[in-house]
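Notes follow the structure.
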Amino acid sequence: MSSTDTLTSSLAPTNAQGLDATTHANIHDKLARALGIKTAQVKAFVKLYDEGDTVPFIARYRKEKTQNLDDVQLRALEKSLNYERDMATRRLKITELLSTQGNLTDELQKRIDNATSKLELEDIYLPYRPRRRSPAAKARAAGLDNAAQAVLATEITPEDALADYQAPATITDDSGNEIEVDFADLDKQLAGVQAIIVDEWTQELGLLDSLRNGFAKTASIVSAVASDDKREVGEKFKDYFEHSESLARLPNHRLLAMLRGRQENVLGLKIEGEDAPFIDKIIKHFEIDGKAPAARHQFLVEAANSLWKEKWRPHIEHRLLTEKRLNAEADAIEVFASNLQHLLMSAPAGRKVILGVDPGIRHGVKMAIIDSQGHVMLDSSDKPVIATVYPFAPDNKMDEAKTVIDKLLATYNVDLVAIGNGTASRETDAMIKEILAANEALHAKAVIVNESGASVYSASELASDELANLDVSVRGAVSIARRLQDPLSELVKVDPKAIGVGQYQHDVNQNQLADSLDKVTQDSVNAVGVDVNTASPAILTHIAGLNKNVAQQIITYRSEHGAFVSREDLKNVPRLGTKTFEQAAGFLRINDGTNPLDATGVHPESYQLVAALLSQTGKDLADIIGNDGVLNSIDITAIAANDDNISISAIIQELAKPARDPRPEFKTATFRDDVNSIKDLSEGMTLEGVVTNVTAFGCFVDVGVHQDGLVHISQMANDFVADPMNRVKPGDIISVRVISIDEKRGRIGFSMKPEAEKPARNANKVSANTDSKGANDSTQNANSSAERKTSRPQAKRPASDDKRSAKPRGPRTDRNDKRSTTNTSSANPSSSKPSKAEAPSKMGTFGALLQEAGVTKAKK
């Protein structure tokens, strides 16, 4: 099999086979309606996708064929297409099974065709799933079906229906295998008859739908501590030790918290709800009240109870909880993917000389300098420029540390100092700022950088290959420096789950999470593009069409033959076939090569079109790249498009701004020098900070005190906030006001709302105090109202459950899973900043905010 064939085979969906043209057409129409696009757009995408084209390639170079669907729309289409194909395949299989059994009816076929989820499909098939060892199957094998039908159809007592029954000497199933079961006595025979009746009733799927919908509206989920000895070890779940809430209105993050508590054997969960109303509906549906004689009536009532309590209610509870869990996991994965995308696409500092600093206390502050290309600098002896100093206790060699750092900054003309935000980060930041202030010749600027996952990278095989001559302890400093220089290139080297921007990332479906994060990473990498002569294998792996093996082949070829001088050279790389080249070439850039177009986003398939454009201008390629005046004068109507209908206008836009970086301008937050820990905070204080994580209930902000504070969704704006992600993104620099501090529990509450204006002065002091109290009460009521709109809880609600949604506390919390800060993003809209003229408004002790949500534990 050729490289091209291998790529096409690996990319094309495997579940598209076996479906007829009508089914495919129905799927296309359904997707078009669901996504609000044209059926022709869906068909165009499907054709390209099934031919092995990747989403980034289609979004960038096949826009005309899909009528300008962007990467977000294409990813949604890809996900929905694969799901609907899976559904169609399962529909076909269930239809075949029911038909073979002789159980397929028009009503069942209609239900199968109208099913909207895989759970619903399995529910339809469940009553007909062969169960050779079920009580009903054994009873039927023993010849009790006639008695059961007699009880259902005639006015006869169950005992009389069994009067002529003789238990067979041996009982075999439909495969001829002997079943060990005893129906010798009357009680066992009655139980067998009842099992057959209950099994037959389970096929009333319409009744099951009605009961499930009714139960879903009234059921509650109840959590309790598993045992008294779990109270101390499971302290982080204490809000759920005695908790009850409407299942229908249970927010996703609280369900995931409860499920984690159950997984850790701290909590017990159960679904509470009524039985009587639903049993009554079963009795009414089967018209049991009209059955005679009395013994038969009582027997069927008992069967109705059995159907509900032993069959349907457990099944309904499981399905409802499963549906809630799947929705919660999907939401958590979506939040994680969105946060990761914004982190990957955060602003790069660019080609700067950077001193990376990995702070520490006992093991010292590790440092390394990288050049503008991201390589570790070498001194005059060709040794890496690295150092370790011990400015803090117990060594307290502050003066010596300052001397070493000052010399490094001056000798190597350092532009930026990237300081990891772990242990001793603020102390290290303060020390370096003192050094910079004392030496006017130094022009460097200190920046706090997110170091989550840096230790994971340091110990990885990739780090061993890239930084083989450096100790593991120093590699973290290199990674921190590179993260500031180019966050995307460095973060792709780390497992996304170690970066710490998800909620309940360890509790969701790991395959779905990995797939989602991989696609986000691929879209981000291809949106920026990579220099093929400097790219690491980690980032090359995410280029459209490439995989780990081909990426390594590129690195190996580069090492053996030197830098690539043209995109055409890529065709010489082993295992990089025609299809792979088509998918990847436009995203692989070659600077200073033989063809200037190789440094742009223009795909090689369009080079002839560019030649036609040049012929109109009479100029060389170098003269028109970046020259808007000349490019805008070209008559594009006189040039024919190629076979792929490549947009000439898109090519001109690329030539006007070649290899444009879509990431925002590099900016940094300014932390207050006098605020270094939670002890330095006071209510009403206004601070600048960086958004580190966004969840369904708010966002977390780092203001430089070693632990993030929470801006609850009710404190994000004066108007209603449906989704925090619509207001802020990870990396945004925003202004917040401190509204609550719980130093003992390490919790900080922030607000992004403008401060309330001072009440008008009143000669009547009592009246003024009353107005002030009223304003305070209004603030708290607004918080409660906003929370009710977003969660609408029932019964008791935990006081501080939301903190776990962004970052778990306990066994999984470590250096690589903590929340941390990257000061590299665009500024927040000024409308969110409080006016200096406005007076602070306090919320009482901790107010409604800390009753509704908690804040992450202190950073380590």
Exercise for the section: Check the pair Leu710 / Phe697 against side-chain contact (heavy atoms from CB on, under 4.5 Å), numbers first and verdict last. Expected result: CA-CA 9 Å; Leu710 172 68; Phe697 53 84; 4.0 Å; yes
Judged by atom type as modelled, is there a donor-acceptor pair below 3.5 Å linking the side chain of [X] to the main-chain atoms of [Y]?
| X | Y | answer |
| --- | --- | --- |
| Ser458 | Gly476 | yes |
| Gln505 | Ile333 | no |
| Lys324 | Leu255 | no |
| Lys753 | Ser714 | yes |
| Thr202 | Asp199 | yes |
| Lys238 | Gly234 | no |
| Arg483 | Asn450 | yes |
| Ser516 | Ala337 | no |
| Asp358 | Gly420 | no |
| Ser338 | Val335 | no |

Looking at [atom1] of [X] and [atom2] of [Y], how far apart are the two atoms once the value is rounded to the nearest 0.5 Å?
| X | Y | atom1 | atom2 | answer |
| --- | --- | --- | --- | --- |
| Glu334 | Asn339 | CD | CG | 10.5 Å |
| Leu208 | Ile124 | CG | CD1 | 10.5 Å |
| Arg260 | His506 | CZ | NE2 | 7.0 Å |
| Glu245 | Leu250 | CD | CG | 5.0 Å |
| His253 | Asp331 | NE2 | CG | 10.0 Å |
| Ile499 | Leu343 | CD1 | CG | 6.0 Å |

Exercise for the section: Take Leu491 and Leu340 through the side-chain contact (heavy atoms from CB on, under 4.5 Å) test and state the conclusion after the steps. Expected result: CA-CA 10 Å; Leu491 289 173; Leu340 177 64; over 6 Å; no
Exercise for the section: List the atom of Met725, the atom of Pro730, and the distance in Å for their closest heavy-atom pair. Expected result: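 Answer, listing the atom of Met725 first, then Pro730: SD-CD, 4.4 Å.
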Could you tell me if the side chain of [Y] sits less than 4.5 Å from the side chain of [X], heavy atoms only?
| X | Y | result |
| --- | --- | --- |
| Val701 | Ile748 | no |
| Gln194 | Phe299 | yes |
| Asp680 | Val705 | no |
| Val198 | Glu310 | no |
| Val728 | Met752 | yes |
| Leu205 | Asp123 | no |
| Tyr83 | Ser80 | no |
| Val266 | Tyr240 | no |

Handout entry: Test log, rule side-chain contact (heavy atoms from CB on, under 4.5 Å), inputs Thr322 and Leu326
Key = CA-CA 6 Å; Thr322 299; Leu326 292 176; 4.0 Å; yes
Practice task
Take His342 and Asp732 through the side-chain hydrogen bond (donor to acceptor under 3.5 Å, both in side chains) test and state the conclusion after the steps.
Solution key: CA-CA 9 Å; His342 290 289; Asp732 281 357; over 6 Å; no
Can you tell me if [X] has over 12 outside heavy atoms packed within less than 6.0 Å of its [atom1]?
| X | atom1 | value |
| --- | --- | --- |
| Arg133 | CZ | yes |
| Glu274 | CD | no |
| Gln203 | CD | yes |

Salt-bridge contact [X]-[Y] (side-chain N to carboxylate O under 4.0 Å):
| X | Y | answer |
| --- | --- | --- |
| Arg212 | Glu323 | no |
| Asp719 | Arg727 | yes |
| Lys118 | Glu122 | no |

Exercise for the section: Determine the interplanar angle of the Phe278 and Phe215 rings, folded into 0 to 90°, and report it as parallel if under 30°, tilted if 30 to 60°, perpendicular if over 60°. Expected result: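 Ring orientation of Phe278 relative to Phe215: perpendicular.
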Exercise for the section: Test Asp86 against Arg90 for salt bridge (charged side-chain N to carboxylate O under 4.0 Å, His left out), laying out the working first. Expected result: CA-CA 6 Å; Asp86 282 341; Arg90 185 57 180 160; over 6 Å; no
Problem - Exercise: do Asn252 and Asn327 side chains pair donor with acceptor under 3.5 Å - result: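 No, Asn327 and Asn252 have no side-chain donor paired with an acceptor closer than 3.5 Å.
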